[in-house]
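First the proteins, then the strands, lettered A, B, ... as listed; each starts at 1. Everything quoted here is computed from the prediction, not taken from an experiment. Excluded from the calculations below are hydrogen atoms, water molecules and symmetry mates; all remaining heavy atoms, backbone and side chain alike, are included.
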Amino acid sequence: MIDRREFRIAHETMAAALARRGPAWLNNDSPWVQAGLLDQRQRALKSELEALQAERNQVSRLIGQKKAAGEDATAEMARMKEVAARVRALDTEAREAEEAFSRALLEIPNPPDESTPDGVDESANVERCRRGIPRPDVTPPHWEIGEQMGILDFESAARLAGSRFSVLRGRGARLERALMQFMLNMHVDQHGYEEVWVPAIANSKTLTGTGQLPKFADDLYRLEGEDAYLIPTAEVPITNLYQDQILDASQLPIRHCGYTPCFRREAGSAGRDTRGMIRQHQFDKVELVWLTRPEQALAQLEQLLQHAEAVLQALELPYRVVDLCAGDIGFSACRTIDLEVWLPSQQCYREISSCSSFAQFQGRRAGIRYRAEDGKPRPVATLNGSGLAIGRTLVALLENGWQEDGRVRLPAALQPLMNSEFL
RNA sequence: GGAGAGAUGGCUGAGUGGCUGAAAGCGCGCCCCUGCUAAGGGCGUAUAGGCUAAAACCUAUCGAGGGUUCGAAUCCCUCUCUCUCCGCCA
């Protein structure tokens with residue numbers, strides 16, 4: 001959520017930043033323009049209401065004093081009865097105006113950071129660098145490799161749950177588990193994160209805190225009859241661990257890693273990546289989350305990125321680093337850097353981690369604040385990134401480790417956990 | 001699922017209709033005293049919004065929502081959550 005005060009005071013600056021996401025964000029029917037109108041109305045009504053309340057409070061106190069002194073106060077009481085009625089009516093109106101304004105504010109995305117490259121779609125993303133050397137040949141797709149080995153079973157998954165689910169068997173199931181273990185160990189032992197284990201279900205307030213609601217309800221699985229959703233990413237519960245808290249500045253940065261399953265309806269992506277386990281309704285992910293001071297957020301995003309890269313490096317997977325442009329970053333982010341892993345069957349790089357700074361956008365929405373040196377609470381900045389998406393990592397390992405003899409060679413780092421040189 | 005108890009500021013915890021945004025304590029900040037340490041004293045210290053150059057000031061907030069009243073932390077209703085006991089259960 002953008003800052004209300006800044007919305008008024010730095011209106012033009014913010015509008016210019018927002019426009020970099022695409023001109024539609026400033027249309028007449030956009031939340032941006034609507035919020036401007038609703039703010040004026042909301043403030044006018046509130047001022048009127050507050051003046052009336054001030055009068056009521058003052059006279060009510062007087063009535064109390066008169067009664068205590070044994071004096072007659074019936075005239076004041078009669079007058080206040082009218083005022084009370086007007087207060088009630090105005091209060092309803094002002095409250096509705098305030099709620100309308102708040103709703104509009106919640107639909108305005110985070111203005112991109114200055115450092116985010118210009119551009120309206122992914123074609124304008126900036127490749128920063130490539131690491132590792134992609135194998136020169138084209139391999140079979142992972143689903144063929146996996147089905148041949150008997151470790152991937154999409155037929156059973158479809159019967160159990162539908163399309164876009166997977167069943168792992170034997171060594172495949174073990175690899176999924178080994179990856180989870182490997183990634184978490186690395187972030188805890190080498191990168192100093194505190195591991196957390198959190199619910200995979202969250203309520204609407206929590207999902208609003210990190211920005212999935214109200215705008216992206218269609219992407220979420222909702223539990224029938226309850227205010228509860230399956231989480232689309234561990235970012236949601238982990239960030240909200242501190243919802244509505246005022247942290248001490250000395251606690252920052254707070255850095256957590258955690259594994260959760262993730263659930264996405266993939267409502268808008270029918271027909272894309274329909275085969276295999278690239279795009280699933282349920283997938284596993286290890287997530288990295290930081291809560292930090294706003295002025296340090298961007299520098300620390302680079303550290304977080306390195307922690308995610310370290311996993312790819314340890315797994316000997318070729319990848320590239322891509323700086324997303326203003327039109328391609330997510331709703332809540334102001335800066336995003338993706339890691340894309342080489343998939344030799346598709347001869348291209350595919351996203352395997354997305355590392356973002358949200359500046360104070362989520363901190364403000366979720367009520368996560370810290371007490372700054374001046375003693376005033378300020379929203380914390382939040383960062384998060386995948387470290388990594390486990391299913392896609394498994395895919396990359398299958399394809400990059402595949403050999404002509406049908407076996408899949410495992411990177412040295414995984415061999416102890418898998419108790420074998422090959423899958 | 002049934003019965004009971006509870007929810008107050010960063011924390012503990014008073015407070016059953018009128019200067020209570022809230023006693024007291026802890027914590028924290030500044031100052032004083034004490035030639036170390038310990039102890040002691042004074043003052044300050046919630047959040048959000050509005051209006052301000054900044055204050056002053058005004059408004060709201062005692063789990064959430066609604067009601068009674070001139071006036072609600074305090075009375076009534078609904079809901080949520082926590083705890084205890086019972087039931088069920090990995």
Side-chain angles (χ1 to χ4, degrees), chain A residues 1-11 35-106 197-209 213 223 225-229 237 240-252 254 261 291 360-361 363-380:
Chain A
M1 185 167 55
I2 58 171
D3 182 65
R4 305 159 89 104
R5 208 175 148 74
E6 221 181 310
F7 175 68
R8 272 209 306 281
I9 293 170
H11 199 78
L37 301 171
L38 289 166
D39 185 28
Q40 286 181 13
R41 176 176 154 74
Q42 177 256 134
R43 269 161 46 229
L45 283 167
K46 256 184 152 174
S47 300
E48 198 184 338
L49 170 67
E50 286 178 3
L52 219 52
Q53 285 173 323
E55 186 190 351
R56 182 198 65 189
N57 290 347
Q58 204 182 342
V59 178
S60 288
R61 215 170 299 139
L62 183 73
I63 292 171
Q65 285 165 3
K66 279 197 163 189
K67 283 193 157 185
E71 295 172 34
D72 176 60
T74 46
E76 284 86 352
M77 282 169 66
R79 192 155 65 84
M80 281 307 103
K81 199 166 182 125
E82 282 172 42
V83 172
R86 273 170 61 209
V87 163
R88 241 191 312 275
L90 247 181
D91 183 59
T92 307
E93 209 179 339
R95 192 192 306 267
E96 280 165 6
E98 149 73 25
E99 276 167 12
F101 174 53
S102 292
R103 274 197 300 275
L105 271 188
L106 284 174
W197 194 278
V198 293
I201 290 177
N203 60 30
S204 56
K205 181 180 178 188
T206 296
L207 283 152
T208 304
L213 289 179
L223 274 57
E226 296 186 47
D227 177 31
Y229 301 77
N240 278 286
L241 239 27
Y242 300 93
Q243 140 187 139
D244 290 327
Q245 288 187 31
I246 300 177
L247 304 164
D248 197 275
S250 64
Q251 292 175 261
L252 302 178
I254 291 172
L291 282 77
Q360 292 169 288
F361 191 81
R364 217 173 271 123
R365 285 172 88 106
I368 309 170
R369 292 165 295 170
Y370 74 102
R371 212 169 277 285
E373 280 61 31
D374 60 3
K376 291 281 172 216
R378 301 170 63 198
V380 298

Participant: Looking only at atom C1', what distance separates B:rG15 and B:rC62, rounded to whole Å?
Facilitator: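 Approximately 11 Å lies between the C1' atom of B:rG15 and that of B:rC62.
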Participant: If you only use heavy atoms from C-beta on, which nucleotide in B:rA54, B:rC70, B:rC58 is closest to the side chain of A:K81?
Facilitator: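 So the side chain of A:K81 is nearest to B:rC70.
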Participant: Among the nucleotides B:rU47, B:rU69, B:rU59, which one has an atom lying closest to any side-chain atom of A:R88?
Facilitator: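 So the side chain of A:R88 is nearest to B:rU69.
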Participant: Nearest-Å distance, CD (A:E99) to P (B:rA48)?
Facilitator: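 The distance from CD of A:E99 to P of B:rA48 comes to 20 Å, rounded to the nearest Å.
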Participant: Which part of the nucleic acid does A:Q53 contact within heavy-atom distance under 4.0 Å: base, sugar-phosphate only, or nothing?
Facilitator: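 Sugar-phosphate, backbone atoms only, no base.
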Participant: Of the options B:rU47, B:rC51, B:rG18, whose atoms approach the side-chain atoms of A:R8 most closely?
Facilitator: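 Closest of the options to the side chain of A:R8: B:rC51.
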Participant: Of the nucleotides B:rA46, B:rC70, B:rU59, which has the atom closest to the A:A84 side chain?
Facilitator: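 Of all the options, the side chain of A:A84 is nearest to B:rC70.
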Participant: Among B:rC58, B:rU47, B:rA60, find the nucleotide with the atom closest to the side chain of A:N57.
Facilitator: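 Out of B:rC58, B:rU47, B:rA60, the nucleotide with an atom closest to A:N57's side chain is B:rA60.
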Participant: Tell me which of A:D39 and A:R369 sits closer to the 5' end of RNA chain B, going by the nucleotide each one is nearest to.
Facilitator: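 Looking at the nearest nucleotide for each, A:R369 comes out on the 5' side.
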Participant: Both distances under 3.5 Å, Watson-Crick or G-U wobble: report the partner of B:rA5, or none.
Facilitator: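 Paired with B:rU82.
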Participant: Kindly say if A:R79 contacts the phosphate of B:rG71, meaning a side-chain N or O under 4.0 Å from OP1 or OP2.
Facilitator: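 For A:R79, the contact criterion (side-chain N or O under 4.0 Å from OP1 or OP2 of B:rG71) is not met.
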Participant: Taking atom P in both B:rC28 and B:rU84, compute the distance separating them and give it to the nearest angstrom.
Facilitator: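 Looking at atom P only, B:rC28 and B:rU84 are 31 Å apart.
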Participant: If B:rG71 has a Watson-Crick or G-U wobble mate with both distances under 3.5 Å, name it; if not, just say none.
Facilitator: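 Per the H-bond distance test, none.
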Participant: Specify the separation, in whole Å, of atom CZ of A:R95 and atom P of B:rA64.
Facilitator: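 It is 12 Å, rounded to the nearest whole Å.
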Participant: Can you tell me, in whole Å, how much space there is between the C1' of B:rA72 and that of B:rC19?
Facilitator: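 Result for the C1' pair: 16 Å, nearest Å.
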Participant: Expressed in whole Å, how much space separates the P atoms belonging to B:rG71 and B:rU59?
Facilitator: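 After rounding to an integer number of Å, I get 15 Å for this pair.
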Participant: Under a 3.5 Å threshold, yes or no: a donor from one side chain and an acceptor from the other, between A:N203 and A:T206?
Facilitator: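 There is such a pair between these side chains.
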Participant: Side chain of A:Q65, base of B:rG18: donor and acceptor closer than 3.5 Å?
Facilitator: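 Answer is no: no donor-acceptor pair is held.
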Participant: Quote, to the nearest angstrom, the P distance that separates B:rG10 from B:rA5.
Facilitator: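 Nearest-Å result for B:rG10 against B:rA5 at atom P: 29 Å.
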Participant: Closer to the 5' end of RNA chain B via nearest nucleotide, is it A:S60 or A:A51?
Facilitator: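 Nearest-nucleotide comparison on RNA chain B picks A:S60.
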Participant: Nearest whole angstrom, please: distance from the C1' of B:rG49 to the CD of A:E50.
Facilitator: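 Whole-Å distance recorded here is 7 Å.
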Participant: So, applying salt bridge (Lys or Arg N to Asp or Glu O under 4.0 Å) with A:D244, which one of A:R369, A:K205, A:R365 is it?
Facilitator: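 Passing option: A:K205.
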Participant: Tell me which nucleotide among B:rG49, B:rA46, B:rC51 gets nearest to the side chain of A:R371.
Facilitator: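 From the listed options, B:rA46 comes nearest.
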Participant: Measure from the side chain of A:P377, starting at C-beta and using heavy atoms only, and say which of B:rG50, B:rA48, B:rC70 lies closest.
Facilitator: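 It is B:rA48.
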Participant: Say we look at B:rC76 and B:rC86: how far apart would their C1' atoms be, to the nearest angstrom?
Facilitator: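 These two C1' atoms come out 30 Å apart once rounded.
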Participant: Please give the distance between the P atoms of B:rA24 and B:rG42 as a whole number of Å.
Facilitator: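 That atom pair is separated by 12 Å.
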Participant: Taking the same atom, C1', in B:rC88 and in B:rG2, what whole-Å distance lies between them?
Facilitator: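 That atom pair is separated by 12 Å.
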Participant: Mind checking A:M77 for me? I need base, sugar-phosphate or nothing, with any heavy atom below 4.0 Å counting as a touch.
Facilitator: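 Contact class for A:M77: base.
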Participant: May I ask you to verify if any side-chain N or O of A:R61 is less than 4.0 angstrom from the OP1 or OP2 atom of B:rC70?
Facilitator: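 A:R61 to B:rC70 OP1/OP2: no side-chain N or O under 4.0 Å.
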